Amino acid sequence: MPTTRRTLLRAAAAIPLGVLWARAAKAVTAPERFLWVRNGAGEELATAYRAGEEYDPRALSKLRHLLRDMHVGTEGPLPPLLADMLSVLQEQWGYTRPLIVRSGYRTPRTNASLEGAAPASLHLVGQAADIVVPGMAPNDVAMAVWTLSRRLGFLGIGVYPRFVHMDIGPQRVWTRWR
């Protein structure tokens, strides 16, 4: 029986959420977690948002604001796990350059207005970010995300000509070169 996308998604969905969280917790264990992020409007934030197991609600609030739907100015949810995954990714480069988030949370209206956006996009629930790393090609960023994904057993990765989509959903990869 050939493996299909549906079979892979069902298998990923069958993994208990606790297992995914446990894998993520192992990957992000550190005394402090940092993020240096810039959005499409040029707003920038460098912050320690977590100390041990404790998240700083003020820092997460600032990150949520930075990752808001820039089309309408609406803030959405920001699961701490997404912040953790972005931090672990950025840590690979020693925090020497910001992550540029071209799109974080999206309202349903904004999502519907974007050509090619998935109707059930994880951007709608704040679980995705479209990122650029200054000085790095999208393929190189995607390979770093893929390495992280393989280690954890989850993370969705979409490779586009000018950015990389990263989400905290099931492990899957796709490309769009239009």
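Fair warning: this is a prediction, and the values are worked out from it, not measured in the lab. Along the sequence shown, residues are numbered consecutively beginning with 1. For the numbers below, each heavy atom of this structure counts, side chains included, while hydrogens, waters and symmetry mates do not.
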- Message: Ignoring hydrogens, what is the shortest heavy-atom contact between Val164 and Pro138? Give both atom names and the distance.
- Response: CG2-O, 3.2 Å

- Determine whether Leu148 and Trp93 fall in the same hydrophobic cluster, where Ile, Leu, Val, Met, Phe, Trp and Tyr are linked whenever their side-chain heavy atoms lie under 4.5 Å apart. yes

- Message: A side-chain contact here means heavy atoms from C-beta on lying under 4.5 Å apart; do Leu78 and Tyr105 qualify?
- Response: no

- Kindly work out whether a path of hydrophobic side-chain contacts (I/L/V/M/F/W/Y, heavy atoms less than 4.5 Å apart) joins Phe34 to Leu82. no

- Grouping ILVMFWY residues whenever side-chain heavy atoms fall under 4.5 Å, the cluster of Trp36 otherwise contains none

- Query: What are the two closest non-hydrogen atoms of His165 and Ala128, and how far apart are they?
  - Reply: CE1-CB, 3.4 Å

- Heavy-atom pair of closest approach, residues Pro134 and Pro98: CD-O, 3.1 Å

- Query: Looking at side-chain heavy atoms only, is the closest gap between Asp140 and Met143 below 4.5 Å?
  - Reply: no

- Task: Pick out which of Arg106, Arg102, Arg162 makes a salt bridge (charged side-chain N to carboxylate O under 4.0 Å, His left out) with Asp130.
- Result: Arg106

- Residues passing the side chain to side chain donor-acceptor pair (under 3.5 Å) test with Glu75, sequence neighbours excluded, are His65

- Compare all side-chain heavy atoms of Thr47 with those of Leu63 and state whether any distance is below 4.5 angstrom. yes

- Message: Applying salt bridge (Lys or Arg N to Asp or Glu O under 4.0 Å), can you list everything that pairs with Arg68, at least two apart in sequence or on another chain?
- Response: Glu43

- Item | Chi angles and distances behind the side chain to side chain contact (heavy atoms under 4.5 Å, CB included) call for Leu155, Ile168 | CA-CA 5 Å; Leu155 290 179; Ile168 56 174; 4.1 Å; yes

- Item | Heavy-atom side-chain contact between Ser103 and His123 under 4.5 Å | yes

- Message: If we ignore hydrogens and angles and just use 3.5 Å, is the side chain of Asp167 paired with the main-chain N or O of Gln127 as donor and acceptor?
- Response: no

- Taking all non-hydrogen atoms of both residues, which atom of Asn111 and which atom of Ser121 are closest, and how far apart? OD1-CB, 3.7 Å

- Apart from Met70 itself, residues in the same hydrophobic cluster as defined by side-chain heavy atoms under 4.5 Å: none

- So do Met166 and Leu89 actually touch side chain to side chain, heavy atoms under 4.5 Å? yes

- Ile131 CD1 to Arg38 CZ distance, which is reported to the nearest 0.5 Å: 14.0 Å

- Message: I'd like to know if the side chain of Arg97 and the backbone of Leu99 have a donor-acceptor N/O pair within less than 3.5 Å.
- Response: no

- With a 4.5 Å limit on heavy-atom distance, are the side chains of Val132 and Val141 in contact? no

- Task: Determine the minimum heavy-atom distance between Phe154 and Ser149, stating which atoms define it.
- Result: O-OG, 3.0 Å

- Task: Could you tell me whether the side chain of Gln90 reaches within less than 4.5 Å of the side chain of Leu35, counting heavy atoms only?
- Result: yes

- Query: Nearest 0.5 Å, what's the NE2-OG distance between His71 and Ser113?
  - Reply: 6.0 Å

- Message: Does the plane of the ring in Tyr49 sit parallel, tilted or perpendicular to the ring in Tyr55? Use 30° and 60° as the thresholds.
- Response: parallel

- Members sharing Val125's hydrophobic cluster, built from side-chain contacts under 4.5 Å between Ile, Leu, Val, Met, Phe, Trp and Tyr, are Leu122

- Test salt bridge (Lys or Arg N to Asp or Glu O under 4.0 Å) applied to Asp56 - qualifying residues, sequence neighbours left out: Arg58

- Message: Taking Thr107's backbone N and O only, do any of them form a donor-acceptor pair with Thr110's side chain (distance below 3.5 Å, no angle check)?
- Response: no

- Query: Side-chain contact, heavy-atom cut-off 4.5 Å: Leu67 with Val37?
  - Reply: yes

- Query: Going only through I, L, V, M, F, W and Y residues with side-chain contacts under 4.5 Å, is there a path from Leu114 to Trp174?
  - Reply: no

- Polar side-chain atom of Gln171 near backbone of Ile157 as donor-acceptor pair, under 3.5 Å: no

- d(Arg33 CZ, Met85 CE) to nearest 0.5 Å is 8.0 Å

- Message: Same cluster or not: Val101 versus Met136, using hydrophobic residues (I, L, V, M, F, W, Y) connected whenever any side-chain heavy atoms lie under 4.5 Å apart?
- Response: yes

- Task: Go through Arg109 and Thr74 one step at a time and tell me if the side chain to side chain contact (heavy atoms under 4.5 Å, CB included) criterion holds.
- Result: CA-CA 11 Å; Arg109 184 175 184 175; Thr74 302; over 6 Å; no

